[in-house]
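For reference, the structure discussed in these notes is given below.
Order of the sequence lines sets the chain letters (A, B, ...), proteins ahead of strands, with each chain counted from 1. Computed from heavy atoms alone, side chains included, the values below leave out hydrogens, waters and symmetry copies.
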Amino acid sequence: MTTNPAVRTRFAPSPTGYLHIGGARTTLYSWLFARHHGGTFVLRIEDTDEVRSTAESVTAILDSISWLGLDWDEGPLDFEHEKGPCGSYYQMKRLSSYQEQTKRLLDEGKAYRCYCTREETDAARQAAKAAGQPVPEDPCRRLSDAQRRSNEAAGRKPAVRFIMPDEGETVVDDLIRGQVHFENRLAPDLVIQKTTGGPTYNFACVCDDHAMRISHVIRGDEHLSNTPAQMRIYEALGWQPPKFAHLSMILGPDGTKLSKRHGATSVTEYRDQGFLPEALRNYLALLGWSNTESRQLFAPDELVAAFDLPGCQKNPATFDPVKLAWMNGEYMRALAPADIVKRAEPFLKEAGLFPPPPGPSLERLAALEREKFKLLPDVPGRVDFFYRETELTDKARKTLAAPEAKTVLAGLTELLTAFEPFTEKPLEEAIRAFCARKSLKPGQVFHPLRAAVSGRADGPTLFLMLELLGREAVLARLRKTSAGLGPN
RNA sequence: GCCCCCAUCGUCUAACGGUUAGGACGCGGCCCUUUCAAGGCUGAAACAUGGGUUCGAUUCCCGUUGGGGGCACCA
C-alpha cells in the first residue's frame, strides 16, 4: 500500500452510547477512504459533554469498530492509552488548546464574552422572530467595559461567542453535494466556549481537525448545516479548512431516521444476533455507495480498492435487514466448516452444544448444513437434534399425523433393528426396497421417518442423517415418536 | 415557522441528452430434489408532478408535491 500523507480522515464519536449503525457506516467510509488513498485514519473522542460521556461508551465504541475489522492509525487504544503524534485524542484532555484559541479570537475582537442567561437569549430570539427579524443582534456584542464589569460583579459567568458576519454568504464546497450556499445573516453568533470554560462541539471540532491535520472530514448529513459556521472559524483563525463530504442519513423502514423503535440499531446488537462483521461491513458499504457494475459482494481488500467518494449517494438510504440477512448467508456459506464452528462458538455454548456432546463432530454437521445457515445461531438451531431429542416442530407433527405414519414407523423400526451396515447407501437401498414392498410412495416413508427421528420436517439429506445419528438414537426416537402417536 | 439537502422497481442502486431504463435483495413460476436450503432459468415490478431548454429529456433549469436533516452554553 502506498502511503499518502496528504490524506488524513477521522471518526470523532461522542461517547454517550453505543456505536450506532449510522456511525458505523460513517466510520467505515472514512476508513475506506483513508485506506483507498493510502492515508491515515484517526479516531478522536469528543467527550466535551461532561454529563453524558462515559468510559463504558468509549470502550463499547472501540470494541465495535474493531469488531467490524476497522483499525485506526492514531487515537485511543483503551481508556488509558493512546497512540499517534497529535494526542491527546480525548477532547477533555485538550481543554487548554481550545482556551488558547478562544483567547486569540477574543484578543483579535472576533469573539466576545456574553453574559446573557439562557432565558434572556431565548426571549430575545422570540422577540426578534415576532418582529420578523431572523436573528437578533446579541446585546453583549457591544458591551461597554462598565457593563462588563457590572456583570462580572453580579457574579455572572460569561460564555464566549464567535462573531458571525451579518451579511454575505458562506459556501460549503462539499465533495458529495457540490456547492451549498448559506446566508450569513441567518446565523446567530455561535457559542464557542461554555460558561464552564469547556469548548462547544463546533469549536473543538475545528481546533482538533486543524491540529490533527485532517484533510477530509467525512461525516453525517446532520453536520452540513454546522459547516458554514465552522468554515468561518477556520477563516478567523487563519487556518485552511479541510475538504468536507456529508453522507446522507440511514432511514428506518418507515422512512424516518433509523432509531431504536425500528429494532436493532447498534453494532453490538447485530453481533449478538449472530451477524458476521464482514457481512455487516459489506452491507453498510453498499448502503449509500455503489459502483457502476452494481456489484454486491466485496472481499475486504476489494472494498478498499473499489471505494471512493464519487460513488456516494446524495439521497438517504433505507436500512434493509432482509438484504443484510441474505448477505450474511452468503458469507456464512463461504466459510470453511471449521470456521463456521469457531464463529458460532458463543451461540453453541449458549445452546449447551459446546463443547459438543458425544456424537458426530460439529465440523461434520456444519459441512452438512452450511448452505442453510443465515445467522450464527442457526448453527446450533439446525444441528441440535444430532445430540439430543428435541421437541417436534409443528410441521413435523403434521407430517406424523398422516394415517399411515404409525405403521410406517413400526415397519421401519423392525427393518432397522438389526440392519447392517448402518451407513448411508445401504440404508437408502433398504428403505427404498421397503417402500416398494409396502407399496408406499417414497415420500410417505421418508417424511415421517425424518420427522420422527429429527423432530423436524426439514433437515439434512435423510440417509446420511440416519448414519450420523447412529442406530441406537434412530431406533430410540422411532419408538418414542411412534408411542407418542397413540393407538392406531 | 425559517434554512439546507434529496427524489429511478417495495428496498439498495446503474444510467453521466438518444437504452427494449440494467443489476442486487425480496416476491411469483419452472428446473433440480426425500425435506429444507443452495443453485440454474424465468416473470411481475420504477424514471413523483407541472412547466421550460433541446431535433430529442429519467438525465439540464424553474415551480409544485413528497421525504429527510438542521435551527442549544448536545455532539
**Request:** Test for a donor-acceptor pair under 3.5 Å between the base of G22(B) and the side chain of Ser294(A), counting only N and O atoms.
**Result:** yes
| request: In whole angstrom, give me the gap between the P atoms of U13(B) and C3(B). | output: 28 Å
As its Watson-Crick or G-U partner within any shown strand, both distances under 3.5 Å, C25(B) has G10(B)
Please measure how far the P atom in G50(B) lies from the corresponding atom in G39(B), and state the result in whole Å.
-> 42 Å
Separation of C73(B) atom C1' from Asp49(A) atom CG, nearest Å, is 11 Å
Out of C74(B), A14(B), A38(B), minimum distance to the side chain of Thr200(A) belongs to C74(B)
Taking A37(B), A14(B), C73(B) as options, the one with an atom nearest any side-chain atom of Ser290(A) is A14(B)
Checking G70(B), G39(B), C25(B) against the side chain of Glu330(A) (C-beta onward), the nearest is G39(B)
Residues passing the salt bridge (Lys or Arg N to Asp or Glu O under 4.0 Å) test with Arg437(A), sequence neighbours excluded, are none
Under a 3.5 Å limit on both distances, the Watson-Crick or wobble mate of U20(B) is none
Side-chain contact check for Thr195(A): nearest option of C73(B), G68(B), A75(B) is C73(B)
key: Face-on cation placement of Arg113(A) at Tyr115(A) ring, 6.0 Å and 45° thresholds   = no
Out of U13(B), C25(B), G70(B), minimum distance to the side chain of Asn315(A) belongs to U13(B)
Arg450(A) has its side chain closest, among G23(B), U35(B), G26(B), to U35(B)
Report task. State whether a side-chain donor-acceptor pair under 3.5 Å links Thr200(A) with Asn202(A). Result -> no
Of the candidates C12(B), C4(B), U34(B), the side chain of His447(A) sits closest to U34(B)
Which of A37(B), C5(B), A75(B) is nearest the side chain of Lys372(A)? It is A37(B)
Assert yes or no for the condition that the ring centre distance of Phe162(A) to Tyr112(A) is strictly below 6.0 Å.
no
When the P atoms of U49(B) and C55(B) are compared, how many Å lie between them, rounded to an integer? 24 Å
Whole-Å P distance, A38(B) and G51(B): 47 Å
